Amino acid sequence: MSKADELLALKEKFEAWDGCALKKNANPVFGHGNGDSPIVFIGEAPGQKEDELGIPFVGAAGKFLDELLGSIGLERKDVYITNVVKYRPPENRDPEPIEKEQCMPWLKLELSIIKPKVIVPLGRHALGHFLPKITITNAHGKAFKINDDVTIFPIYHPAAALHNGNLRSGLESDFRALGAFLEEAGILSPRAV
Ligand code: URA
């Protein structure tokens with residue numbers, strides 16, 4: 001079975017699952033993109049547009065993410081994008097710890113199929129799962145090799161930067177650092193940057 005088929009089967013199981021209370025008022029938004037990619041981006045939870053379309057990062061933060069990907073020679077089709085929490089919290093509030101816990105097995109299953117070399121947590125909610133002892137302020141823009149195969153490369157959440165010019169330039173420079181890391185690790189070909 002290809003990774004795409006495995007992910008599709010997992011998505012179908014997820015859509016039939018009723019284990020998170022957020023599902024009462026929101027639509028399921030599973031991960032999306034290239035399951036053969038060595039890079040997975042992980043956000044916090046879907047917003048309104050994502051809830052409407054059932055695809056992660058398709059609203060304003062997603063457009064900015066597309067621009068940032070483009071700045072290092074990547075397109076959406078080159079990466080896989082998902083969220084820690086897979087339903088929109090009411091009024092886009094922060095996800096509760098229990099909601100993160102309930103949805104986490106799905107993220108783990110996605111990662112076990114994709115087996116990415118680089119995981120990019122976008123913001124503190126995704127970072128907290130991989131590197132619970134370090135804050136996003138200290139970790140962003142740096143590579144953390146957690147075992148022989150996987151590096152965590154945390155980046156600020158693109159939504160946080162939409163209305164904050166300083167964060168915006170911070171995010172742009174984090175992406176340059178990510179691009180350089182991917183190139184050095186032989187994951188992104190130099191001609192793409
Ligand atoms: N913010 C997120 O964290 N995820 C999305 O899918 C959209 C916005």
Side-chain angles (χ1 to χ4, degrees), residues 7-8 10-11 14-15 17 20-35 37 39-71 74-111 113-114 116 118-132 135-137 139-141 152-164 167-168 170-172 174-175 178:
L7 286 164
L8 189 61
L10 186 65
K11 181 179 183 214
F14 161 70
E15 286 174 352
W17 174 74
C20 176
L22 290 172
K23 190 177 182 183
K24 286 196 197 91
N25 300 302
N27 295 309
V29 181
F30 198 65
H32 189 260
N34 183 345
S37 177
I39 314 163
V40 171
F41 287 80
I42 306 175
E44 174 183 325
Q48 185 179 356
K49 196 82 184 168
E50 290 77 21
D51 178 70
E52 277 165 30
L53 300 180
I55 301 175
F57 283 97
V58 286
K63 289 212 173 71
F64 185 33
L65 180 59
D66 286 347
E67 267 178 47
L68 291 162
L69 288 171
S71 73
L74 292 174
E75 292 177 45
R76 255 177 199 249
K77 66 173 174 50
D78 301 320
V79 301
Y80 186 85
I81 302 179
T82 190
N83 281 304
V84 173
V85 170
K86 289 171 164 55
Y87 306 91
R88 181 189 182 202
E91 314 299 329
N92 298 339
R93 66 154 166 75
D94 275 5
E96 302 281 354
I98 180 73
E99 293 157 357
K100 293 194 263 188
E101 216 173 282
Q102 287 168 335
C103 284
M104 189 50 71
W106 298 105
L107 176 61
K108 287 188 178 163
L109 287 165
E110 287 173 290
L111 294 175
I113 293 170
I114 301 168
V118 182
I119 295 174
V120 183
L122 297 167
R124 66 192 167 94
H125 291 281
L127 174 65
H129 173 64
F130 297 99
L131 301 170
T135 62
I136 190 72
T137 313
H140 74 97
I152 308 293
F153 200 104
I155 279 187
Y156 282 123
H157 195 291
L162 280 179
H163 309 291
N164 177 330
L167 267 192
R168 195 181 170 98
L171 246 162
E172 287 163 352
D174 282 359
F175 261 78
L178 175 64

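The basis for the numbers below is simple: all heavy atoms, side chains too, and nothing from hydrogens, waters or symmetry mates. Counting starts at 1 for both ligands and their atoms, following the listed order. This structure is a prediction, so every number in the text was calculated from the model and none was measured.
Near Glu44, meaning under 4.0 Å from one of its heavy atoms, ligand 1 places the atoms 2 (C), 3 (O). Near Pro56, meaning under 4.0 Å from one of its heavy atoms, ligand 1 places the atoms 6 (O). Near Gly43, with a cut-off below 4.0 Å to any heavy atom, the atoms of ligand 1 are 3 (O).
Comment: Glu172 engages Arg168 in a salt bridge, judged by a side-chain N to carboxylate O separation of less than 4.0 angstrom.
For Lys100 and His129, the side-chain atoms include no donor-acceptor pair closer than 3.5 Å. Side chain to side chain, Glu99 and Tyr87 fail the donor-acceptor criterion of an N or O pair below 3.5 Å.
A heavy-atom separation below 4.0 Å is found between His157 and ligand 1.
Backbone and side-chain nitrogen or oxygen atoms of Pro46 are examined, and none is located within less than 3.5 angstrom of a nitrogen or oxygen of ligand 1.
Asp51 contributes a side-chain N or O that, together with a main-chain N or O of Asn27, makes up a donor-acceptor pair within less than 3.5 Å. With hydrogens and angles disregarded, no donor-acceptor distance shorter than 3.5 Å links the side chain of Asn83 to the backbone of Lys86.
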Distance-only donor-acceptor pairs under 3.5 Å for side chains of residues 57-67, two or more places apart:
{"unit_1": "Asp66", "atom_1": "OD1", "unit_2": "Arg76", "atom_2": "NE", "d": "2.6"}
{"unit_1": "Asp66", "atom_1": "OD1", "unit_2": "Arg76", "atom_2": "NH2", "d": "3.4"}

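Taking atom 4 (N) of ligand 1 as the reference point, the nearest protein heavy-atom neighbour is Asn83 OD1, 2.8 Å. The single protein non-hydrogen atom nearest to atom 2 (C) of ligand 1 is Ala45 O, 3.0 Å, given as residue, atom name and distance.
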